[in-house]
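What follows is a single structure, written as structure tokens, with notes after it.
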Amino acid sequence: MASYKVQNQYIKHGFLDHAEDKIEETIQPVLDGGTANGWVLHSFQATAAAKGTNLVFIWQLPA
């Protein structure tokens with residue numbers, strides 16, 4: 001049976017900040033860290049929050 005880990009990352013947006021740049025800068029280290037742990041990205045979702053973006057990573061853990 002597969003095991004999974006849910007990882008949340010919140011990105012707060014400033015009034016004049018470029019949100020797209022912050023998302024890319026935040027996602028890459030999370031992906032690198034999960035891969036370094038031997039995890040496989042099962043799914044990913046970004047949802048708008050009141051003052052930012054919530055990123056949800058679901059990792060499949062090694063057997």
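Predicted model only: the values in this text are computed from it and were never measured.
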- prompt: Is the shortest heavy-atom distance from the side chain of Leu41 to the side chain of Leu31 under 4.5 Å?
  reply: yes
- prompt: What's the spacing between Ile11 CD1 and Leu55 CG if we round to 0.5 Å?
  reply: 4.0 Å
field: Approximate separation, where rounding is to 0.5 Å, of Gln9 CD and Ile27 CD1
entry: 9.5 Å
- prompt: Which atoms form the tightest heavy-atom contact between Ala49 and Tyr10, and what is the distance?
  reply: CB-CE1, 3.7 Å
field: Separation of Asn54 CG from Gln45 CD (nearest 0.5 Å)
entry: 9.0 Å
- request: Going by the ring-ring contact (aromatic ring centres under 6.0 Å, His included) test, name the single residue among Tyr4, Phe44, Trp39 that passes it with Phe57.
  value: Phe44
task: Applying side-chain contact (heavy atoms from CB on, under 4.5 Å) between Lys5 and each of Asn37, Leu61, Ile58, report the one that passes.
output: Leu61
- prompt: Cut-off 3.5 Å, side chains only: do Trp59 and Gln7 have a donor facing an acceptor?
  reply: yes
